[in-house]
Amino acid sequence: MRTLVCHDGAEALLQVGARGPKAVLLGAPLPVVGVVQVTELIAKLHPVPVIVGAGPDGATEATAALEAGAVAFVARPYRTEEIVPLLRGTRPIEDAEQTLVVGDIELDIAGFHVHVRGRSIQLPVREFLLLRYLMERPNKVISRSELTQALWGTDTLDSNTLTVHIRRVRNKLRDEAGSRCTIDAIDAIRGMGYRLECGRDGGVPTQTLSSRPAQTPT
C-alpha cells in the first residue's frame with residue numbers, strides 16, 4: 001500500500017482531487033475543514049470509501065461522519081490489524097453501489113448494511129468484512145489462515161479470536177434473522193476452515209452481484 005499524509009482537511013480534499021486514492025482515512029477532529037465536511041465533499045466530488053478514526057475527543061464528529069457517508073469508524077491510536085482489513089475491503093468507485101446476494105442474505109458493500117429477507121441485522125466492521133469475504137466465495141472452504149490473513153493481516157492470530165467472530169456472525173444470521181444460510185466449520189482435518197452454505201430451494205441463486213440497493217425493511 002502507498003500512503004500520502006495530509007495535515008488538515010483542506011489539504012486532504014486537494015490531494016483526493018489530484019491523486020484519486022482508492023481509500024481515505026480521516027482523523028477526527030480535523031483542522032481547517034472538519035471531518036464531516038470533508039466526508040460530504042468527497043462523497044459528492046470523488047466517491048471513494050472514507051474511514052474515520054477518532055479517540056474520545058473526536059467520537060461525536062466521527063459518528064456524524066458516518067451519517068455523512070463514511071463507511072467505517074475505528075479507534076485511535078490506530079492499530080494496523082484494524083486498519084489494513086478495512087483498506088483491503090474497500091471497492092473501486094465503479095463497484096460502490098453494488099449489492100452482494102447469496103441465498104437469502106443481501107450485503108450492501110458501500111453502505112455496510114446486511115439484510116436477510118428484508119430484515120436488517122447489525123454487524124460490527126470486522127464481522128461485516130468476515131461475512132462479505134465468505135459471501136464472495138460461497139460454498140467454498142476457506143482456511144483459517146486465509147481468513148485471518150485477509151481480515152487481520154496475519155496468519156498467526158490467536159485461534160479463538162476467529163472462532164468467536166465466526167460464532168457471532170453465524171448466530172446473528174440464524175437466530176436473529178432466521179437465515180437458511182449457515183457458516184459450517186470444516187473439521188475433517190482439524191482447523192481446516194469454514195464454508196458459507198445456503199439452501200437452493202425456491203430457485204434462490206448461489207451468488208449474484210447487482211447494482212440495486214439492499215432491501216429496506218417495511
Side-chain angles (χ1 to χ4, degrees), residues 1-100 107-114 120-133 136 148-154 156-158 161 165 168 211 213-214 216:
M1 295 182 183
R2 291 177 297 187
T3 61
L4 174 67
V5 178
C6 301
H7 298 90
D8 57 58
E11 183 183 358
L13 287 171
L14 288 172
Q15 294 295 349
V16 168
R19 296 175 179 265
K22 293 183 178 179
V24 176
L25 174 63
L26 300 177
L30 197 60
V32 185
V33 181
V35 167
V36 175
Q37 291 79 8
V38 172
T39 301
E40 290 174 340
L41 287 169
I42 289 177
K44 290 178 181 178
L45 303 175
H46 312 284
V48 298
V50 173
I51 301 166
V52 180
D57 59 334
T60 300
E61 191 173 356
T63 300
L66 287 175
E67 297 177 358
V71 300
F73 171 18
V74 295
R76 295 177 68 187
Y78 299 124
R79 298 170 58 194
T80 302
E81 63 268 26
E82 294 284 345
I83 298 295
V84 170
L86 288 172
L87 295 176
R88 286 179 173 164
T90 58
R91 284 284 188 182
I93 297 173
E94 59 268 20
D95 291 339
E97 295 184 358
Q98 287 183 333
T99 298
L100 185 65
L107 184 146
D108 178 358
I109 292 173
F112 269 65
H113 301 303
V114 177
S120 176
I121 61 174
Q122 302 300 316
L123 295 178
V125 170
R126 188 84 68 179
E127 293 175 18
F128 178 93
L129 294 175
L130 172 60
L131 178 59
R132 173 181 164 181
Y133 197 88
E136 290 174 333
T148 56
Q149 182 65 51
L151 299 175
W152 281 270
T154 178
T156 59
L157 186 74
D158 174 16
T161 300
H165 280 74
R168 288 173 179 169
S211 296
T216 302

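Hydrogens, waters and symmetry mates play no part in the numbers below; they use all other heavy atoms, side chains included. Owing to the predicted nature of the structure, the values given are computational and were not obtained by experimental measurement. Residue numbers run from 1 in the order of the sequence given.
- Rounded to the nearest 0.5 Å, atoms CG (Leu26) and CD1 (Ile42) are 5.5 Å apart.
- Between Pro21 and Val16, some side-chain heavy-atom pair lies under the 4.5 Å cut-off.
- When all heavy atoms of Ala64 and Val36 are compared, the closest pair comes out as CB-CG2, 3.6 Å.
- The shortest non-hydrogen separation linking Leu100 to Arg132 is CD2-O, 4.1 Å.
- The main-chain N or O of Val35 is found under 3.5 Å from a side-chain atom of Glu61 such that the two form a donor-acceptor pair.
- Annotation for Leu30 and Asp8: closest pair CG-C, 4.3 Å, computed over non-hydrogen atoms.
- The OG1 atom of Thr39 lies 11.0 Å from the CD1 atom of Ile51; values are rounded to the nearest 0.5 Å.
- A salt bridge is absent between Glu40 and Lys44: the closest approach of a Lys/Arg side-chain nitrogen to an acidic carboxylate oxygen does not fall below 4.0 angstrom.
- Remark: Glu127 pairs with Lys172 by the side-chain hydrogen bond (donor to acceptor under 3.5 Å, both in side chains) rule, at least two apart or across chains.
- Rounding to the nearest 0.5 angstrom, the gap separating the CG atom in Leu130 from the NE2 atom in His165 is 8.0 Å.
- Residue Val52 comes nearest to Ala65 through the heavy atom pair CG2-CB, 3.7 Å, listed as atom of the first residue, atom of the second, then distance.
- Leu107 CG to Leu129 CG: the interatomic distance, rounded to the nearest 0.5 Å, is 9.0 Å.
- Atoms CG and CZ, on Leu131 and Arg168 in that order, are 15.0 Å from each other to the nearest 0.5 Å.
- Phe128 approaches Asp108 most closely through the heavy-atom pair CZ-O, 3.5 Å.
- Minimum interatomic distance between Ala62 and Ala54 (heavy atoms only, all atoms of both residues): CB-CB, 3.8 Å.
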